[in-house]
J.: 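One structure coming up, written as structure tokens, with questions to follow.
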Protein chains: 4
Amino acid sequence: MKSTSINPRKSPKQARARVTFDAILEAATRILQDDGLRKFNTNRVAEVAGVSVGTLYQYFPTKEAILTEIIRQKRKLMLDALKEATQDMARERFEETLDKLLRAAVAHQLRWPKLARTLEYAEAFLPLEHETDALKVAIVETAAAFLAHHQHDTPVQTARDLVGALRGLIESAGLSGETDPAAMLIRARKLSLGYLR
Amino acid sequence: MKSTSINPRKSPKQARARVTFDAILEAATRILQDDGLRKFNTNRVAEVAGVSVGTLYQYFPTKEAILTEIIRQKRKLMLDALKEATQDMARERFEETLDKLLRAAVAHQLRWPKLARTLEYAEAFLPLEHETDALKVAIVETAAAFLAHHQHDTPVQTARDLVGALRGLIESAGLSGETDPAAMLIRARKLSLGYLR
Amino acid sequence: MKSTSINPRKSPKQARARVTFDAILEAATRILQDDGLRKFNTNRVAEVAGVSVGTLYQYFPTKEAILTEIIRQKRKLMLDALKEATQDMARERFEETLDKLLRAAVAHQLRWPKLARTLEYAEAFLPLEHETDALKVAIVETAAAFLAHHQHDTPVQTARDLVGALRGLIESAGLSGETDPAAMLIRARKLSLGYLR
Amino acid sequence: MKSTSINPRKSPKQARARVTFDAILEAATRILQDDGLRKFNTNRVAEVAGVSVGTLYQYFPTKEAILTEIIRQKRKLMLDALKEATQDMARERFEETLDKLLRAAVAHQLRWPKLARTLEYAEAFLPLEHETDALKVAIVETAAAFLAHHQHDTPVQTARDLVGALRGLIESAGLSGETDPAAMLIRARKLSLGYLR
DNA sequence: CATGAATGAGGGTTCATTCAT
DNA sequence: AATGAATGAACCCTCATTCAT
């Protein structure tokens with residue numbers, strides 16, 4: 001793995017290292033959730049993770065690398081969920097697959113709306129990084145493939161529109177204090193079907 | 001006006017003061033647009049505005065006060081536009097008023113998507129401030145009043161949902177490089193009518 | 001003046017600023033003399049100069065910029081002295097001008113041998129900087145011009161050789177504790193005339 | 001051998017240990033040559049040497065100990081070369097022995113001018129260490145003994161002067177990119193004979 | 001003996017804010 | 001009022017050294 005300024009410094013192989021690596025990411029995630037970028041600094045991350053700054057820098061060459069790794073992991077989770085949701089789309093009714101997709105999206109955005117928003121914002125100021133960027137594209141493309149499969153004319157633009165609108169919907173609900181995925185799903189479905197009609 | 005740590009220090013009454021005040025806000029806005037919060041600092045704002053830091057602090061007690069004032073102004077602009085859009089709603093068809101509303105929303109979000117996004121993010125970490133918060137509520141309420149007027153059941157939640165979804169839609173299009181308000185309006189209308197059906 | 005990472009940040013115009021600027025350079029010089037690069041750090045320089053780090057960074061964008069400025073000043077002093085020494089070379093006997101040159105060289109190297117050596121070493125790891133580099137070249141060329149004036153065949157190489165050898169001579173004497181310029185001058189003359197024969 | 005903070009921790013007796021010891025010194029030397037003191041750190045030395053930091057610290061108690069050992073070895077090499085050059089001075093003409101001495105000096109300084117300069121500089125800030133210091137004195141004394149043998153009045157000072165001047169000459173030529181020992185030898189001879197006349 | 005994860009003091013730099021002029 | 005020099009807490013990151021395995 002290249003040691004650019006944005007990739008993790010070492011893939012943790014020993015058990016101890018793996019634990020430390022994860023502790024750092026978890027601490028960082030918690031800080032981003034609770035306080036946003038403002039208080040996201042390496043000293044605090046290390047402290048919350050229960051390690052020294054030096055240790056943190058053994059694993060991540062810069063503060064941005066931590067952010068990037070969190071984004072990468074979250075995006076990957078989302079992409080995998082979407083792929084799983086669409087894997088049987090050939091055999092399923094449109095609404096059936098759509099529901100799976102929306103369920104995945106709601107699950108990923110509603111639980112930690114502040115984190116999701118912070119990561120979204122942070123990403124804009126990170127140096128473009130292949131894998132992360134590719135993941136972003138892949139997410140839209142997975143949705144677009146689904147739309148195309150069901151005869152949609154402009155699948156890519158529509159997919160991007162819907163991904164954006166759904167993010168806005170779920171985010172605003174989440175930040176208003178809503179936490180019920182079932183209620184959210186209903187409105188997400190309404191928004192999607194309404195837009196796709 | 002009280003001089004809390006978040007309100008402007010003085011309402012500029014003399015012409016010269018007004019000019020300085022505006023120059024500072026304009027400089028701050030440009031920096032937020034171009035570089036985001038990362039490079040938004042008082043020294044730079046003063047420099048770009050062509051005044052000294054000392055002068056900047058004559059008008060704004062803290063850095064956050066500048067941010068707050070920008071948000072306040074932008075929100076006020078938006079609110080006024082929405083109010084104007086709905087002022088004849090009693091005499092107009094539903095679609096007619098909706099179009100005016102969407103036109104206003106698109107106009108306000110599409111031109112400076114990066115700025116809009118940055119302000120949105122910044123606001124979340126600003127101390128809650130009455131007027132600004134009130135403006136936010138008023139925006140949703142204006143939309144809700146319109147929906148209520150047309151017999152909608154749950155106007156407030158629906159208004160919040162739509163405001164959120166539209167923001168997400170326009171923001172994602174804007175950040176993807178779209179700049180045509182007309183094209184955006186068509187999709188915004190589709191999203192709204194679809195959701196409201 | 002460009003604001004690269006190696007030039008001073010502002011040319012001090014007000015009296016207070018001039019004083020601060022000089023205090024920083026003087027403190028830096030003293031630290032380099034006494035302890036070398038090892039203990040040359042911005043916190044210490046600021047402390048010795050009696051200013052805050054922040055102030056130091058108002059004048060110098062990086063630690064290296066301080067070093068560069070010291071080198072630039074010392075070289076300029078040396079170059080001016082050499083130019084003055086050679087200004088009447090057309091009217092003077094060879095030995096007369098040579099003596100002036102050597103006097104200048106001894107004066108500049110013998111007083112602070114440790115500083116001279118440290119600057120010499122530091123320079124090798126500084127990003128090449130036009131003016132400083134030009135000064136270095138100019139010094140050799142001034143000597144070469146003098147040699148050429150007196151019918152020397154390979155003035156540039158000889159000048160470089162002599163400058164190097166004289167530096168080595170004076171440095172080693174200085175570091176051995178010698179402080180008498182007169183004694184040094186005699187040997188410097190012997191070395192020069194011997195080599196030029 | 002005592003285990004002060006500057007001597008190697010153990011004289012490597014087993015073959016494997018010898019290899020490791022040498023690998024560390026070689027790595028350190030390469031780093032000093034290529035990047036100077038700036039990037040000379042124990043982690044990097046260990047990495048380049050292909051051993052772990054822990055292993056490095058089995059052999060050297062401190063970073064300075066590595067530097068000291070390199071200096072000691074280089075000086076010893078130089079001293080041995082000078083001793084060999086002067087061993088037949090009783091039977092040889094003055095110029096003959098001098099040439100051998102200069103040949104040794106040129107050989108030692110011209111090949112790695114950057115390394116030589118770095119070691120020279122580093123030495124000044126190392127805690128005075130008997131053996132190394134003694135080697136330095138021995139070098140000058142070897143030269144002085146040669147001068148004394150040929151009826152020179154002030155052999156020690158003259159030897160020191162010449163050692164310094166020759167170092168300056170060769171160093172400046174080396175750093176200017178010259179690499180030809182033969183050409184260098186001619187000028188070194190000229191400098192020496194000129195000064196000794 | 002070797003390994004390499006962990007430590008934390010040290011040092012470079014920024015930037016919100018104050019205050020003498 | 002306006003200026004801009006000065007301040008110093010805060011934050012990023014490095015590297016010499018230790019020690020459990």
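Note on naming: letters A, B, ... go to the chains in the order of the sequence lines (proteins, then strands), and numbering restarts at 1 for each one.
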J.: Do any side-chain nitrogens or oxygens of D:Tyr59 fall under 4.0 Å of OP1 or OP2 in E:dA2?
T.: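 For D:Tyr59, the contact criterion (side-chain N or O under 4.0 Å from OP1 or OP2 of E:dA2) is met.
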J.: Let me spell it out: for each of C:Thr20 and A:Asn41, pick the nucleotide of DNA chain F with the closest heavy atom. Which residue's pick is nearer the 5' end?
T.: C:Thr20
J.: Quick one, which residues of residues 43-54 of chain B touch DNA chain E with a heavy atom under 4.0 Å?
T.: B:Asn43, B:Val53
J.: Side-chain N or O of D:Thr62 less than 4.0 angstrom from OP1 or OP2 on F:dA16?
T.: no
J.: For E:dC1 versus F:dT21, give the span between their P atoms, rounded off to a whole number of Å.
T.: 22 Å
J.: Without decimals, in angstroms, what is the distance between A:Phe21 CZ and E:dA6 P?
T.: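 Going from CZ in A:Phe21 over to P in E:dA6 covers 12 Å.
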J.: Please classify the nucleic acid contact of D:Phe40 as base, sugar-phosphate, or nothing, using heavy-atom distances under 4.0 Å.
T.: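 It contacts sugar-phosphate atoms only.
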J.: Return the stems involving DNA chain E, sorted by first number, where pairs are Watson-Crick (N1-N3 with N6-O4 or O6-N4) or G-U wobble (N1-O2 and O6-N3), both under 3.5 Å, and runs are 3 or more long.
T.: E:2-21 with F:2-21
J.: Can you find a side chain N or O atom of D:Thr42 that sits less than 4.0 Å from OP1 or OP2 on F:dA16?
T.: yes
J.: Would one find a side-chain N or O of A:Tyr57 under 4.0 angstrom from OP1 or OP2 of F:dT14?
T.: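 Checking A:Tyr57 against F:dT14: no side-chain N or O falls below 4.0 Å of OP1 or OP2.
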J.: Do A:Gln58 and E:dA6 share a donor-acceptor pair, side chain to base, under 3.5 Å?
T.: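 Yes, a donor-acceptor pair under 3.5 Å.
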J.: Does F:dT14 have its OP1 or OP2 closer than 4.0 Å to a side-chain nitrogen or oxygen of A:Arg9?
T.: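 Yes, such a contact exists.
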J.: Write down the distance between CD1 (D:Ile66) and P (F:dC15), rounded to a whole number of angstrom.
T.: 14 Å
J.: Evaluate the ring planes of C:Phe21 and C:Phe60, with Trp represented by its six-membered ring, and classify them as parallel (under 30°), tilted (30 to 60°) or perpendicular (over 60°).
T.: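 Judged by the thresholds at 30° and 60°, the geometry between C:Phe21 and C:Phe60 is parallel.
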J.: Between D:Glu123 and D:Lys74 (salt bridge meaning N to carboxylate O under 4.0 Å), is one present in this structure?
T.: no
J.: Is D:Arg72 paired with D:Glu64 through a side-chain N to carboxylate O contact shorter than 4.0 Å?
T.: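 Judged by the 4.0 Å cut-off on N to carboxylate O distance, D:Glu64 and D:Arg72 do not form a salt bridge.
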J.: Return the 5'-most residue of the pair C:Thr55, A:Lys39 with respect to DNA chain F, ranking by each residue's nearest nucleotide.
T.: C:Thr55
